[in-house]
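Since the structure comes first, as structure tokens, the remarks are kept for the end.
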Amino acid sequence: MHVFGSSGVRGVAGEELTPQDAMQVAQATGSVWATDADRVAVARDTRTTGRTYENAVTSGFTGLGFNVDRLGIVPTPGLQAYCEGEGVPGLMVTASHNPPAYNGIKLVGADGVELSRETLDEIERALAAEPSHAGWDRMGTDRRVERARRDYRADVCQSVDRERIAGADLTVVIDPGHGAGALTSPDLFRELGCTVHTVNAQPDGHFPGRNPEPVAATLGDLRSYVRATDADLGIAHDGDGDRAIFVDECGEHMDGSATLAALAAAELQAGDGVVSAVNASQRLVDVVEEAGASLSLTPIGSTYIVSRVLQRQAEGTHVAIAGEGNGGVLFPDYRIARDGGYTAARLCELLADRSASELVAPYDDYYNVRRNLHVDDESARESMLSGIESHATETAADLDTTDGWRLDYGDGWVLARPSGTEPVVRVYAEARTPERAEELAGQMVGAAERSG
Ligand code: MG
């Protein structure tokens, strides 16, 4: 059993993940980093438990002899930018899109890239060993660093076509969902020359306005606000600001797969590589094919996508874009990091030519269904997975088991996989009609629930 899932460590704070656990993760991580570093950066999102966990990991590091730069509340891509700029590794206290009770840890190397599976395995081995401690005269200290958010915004501003965005005279509504993006995105888009309105934009770890996951069900306020202000675009982030999901100028939800396809269509040249996960939309498959690019699919989760991007780059492929339909997008020429603010700025560049609804209109003819099946305990989960496996092997469709069970029917596909971070089994389906997508999802859900 891995301590680190596909997106770091997550759990209900105080139960599945205690402050002591967090300190031990910092100690084990520090023991691996100690050969190359004597300073680390620590940041957090807005969760109510964030400061407690920040204090725990900071003590873990200083007790080993590291000096700690405490960046405070910063989006994960802001920590990654700081790590790359300073050449120091970093630890992010965040549970990303999970509900308020959760917290967790993401780890970043001194190059600003999240750690590879191999390094995480090394840290897991170190977790099993007795932690070492520095003597009283060798312990490190910590200091507040106030400039990380400002530097992150400046970095994004310099890396996009600011003139083009400002020239488009856009009005945007930003919904950071009370997360870390609340302290960066509103100012960022003002600096890019947009007129900015905000909703759910006070940092608040109780997440009073909406849950941190930016999905259609949680973005009703944003849709209303876009309509009420006659804005050109609504921009929503998750708790740590590495994802961006959009609302068009009519106040309609834009599917994350459609915006990924639109961003890819604008970015791709023949011969480029694209990396996505095994739940990749047919929209992306079509865009990649049309551009003469090539697509690699990985298990779901940013760790796998980042590893594959590095692998394809090492093979000499120019990876122009990577990411998933959940709004987590990487532009590797900029940085090998999912970045909600940068992604939204790149989308704004495209709005200089056409409206948001026109941008995704070519990708309207596919329909996605997602279901979360809650499991009460391990035996319910096992029984559900065995029902899914029987269905997958008995059905006349192409089966891919890269991560879970993906069945390709030609006119659509369905994927079932257990979540790495929550007690749910997720079912995804896509087809050219809503009825067919519902049918494919329904068959999979039926197989899973019959067994339970
Ligand atoms: Mg996130």
Side-chain angles (χ1 to χ4, degrees), residues 4-11 13 17 42-47 49-50 53-54 71 73-83 90-108 112-115 120 148-149 152 156 174-185 188 200-201 203-205 207 210-215 218-219 235-246 256 259-260 276-277 279 299-306 309 322-331 335-344 419-422 424 426:
F4 295 98
S6 57
S7 323
V9 183
R10 301 260 178 94
L17 182 73
V42 170
R44 62 184 162 94
D45 68 17
T46 56
R47 285 162 199 280
T49 55
Y53 284 78
E54 180 192 325
L71 311 189
I73 296 173
V74 175
T76 298
L79 171 66
Q80 292 179 271
Y82 184 85
C83 289
L91 184 152
M92 181 77 195
V93 174
T94 179
S96 193
H97 67 270
N98 287 65
Y102 284 72
N103 217 327
I105 290 171
K106 292 182 179 180
L107 297 167
V108 179
V113 179
E114 69 177 80
L115 296 189
L120 295 177
R149 292 192 295 264
Y152 163 69
V156 174
I174 296 174
D175 176 357
H178 307 292
L183 295 177
T184 50
S185 277
L188 170 62
N200 301 322
D204 187 336
F207 301 99
R210 70 162 168 92
N211 240 29
E213 185 163 23
V215 291
T218 62
L219 301 181
I235 300 168
H237 296 307
D238 67 333
D240 67 330
D242 62 350
R243 286 162 56 177
I245 286 289
F246 302 97
T259 55
L260 177 59
S276 190
N279 61 346
I300 293 172
S302 64
T303 303
Y304 299 105
I305 292 195
V306 166
V309 168
E324 299 174 81
N326 64 6
V329 181
L330 304 84
F331 293 84
R335 181 170 290 118
I336 302 177
R338 310 198 313 177
D339 191 328
Y342 180 82
T343 300
S419 164
T421 54
E422 287 175 77
V424 293
R426 301 191 198 283

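Remember, it's 1-based here, ligands and their atoms both numbered in the order they're listed. By convention here, the first residue in the shown sequence is residue 1. Here the structure is a predicted model, which is why all the values come from computation and not from measurement.
Here the N, O or S atom of Asp240 that is nearest to the Mg ion (ligand 1) is OD1. Minimum-distance N/O/S atom of Asp238 relative to the Mg ion (ligand 1): OD2.
Classification of Asp240 and Lys106 as a salt-bridged pair holds, one side-chain N sitting under 4.0 Å from a carboxylate O. Between Arg338 and Glu324 there is a salt bridge, since at least one side-chain N of the basic residue sits less than 4.0 Å from a carboxylate O of the acidic one.
Side-chain contact annotation: Ser96 with Asp238, donor-acceptor N/O pair under 3.5 Å present.
Between Ser96 atom OG and Asp242 atom OD1, the angle centred on the Mg ion (ligand 1) amounts to 170° (nearest 10°).
Aromatic pair Tyr342/Phe331: ring centres closer than 6.0 Å.
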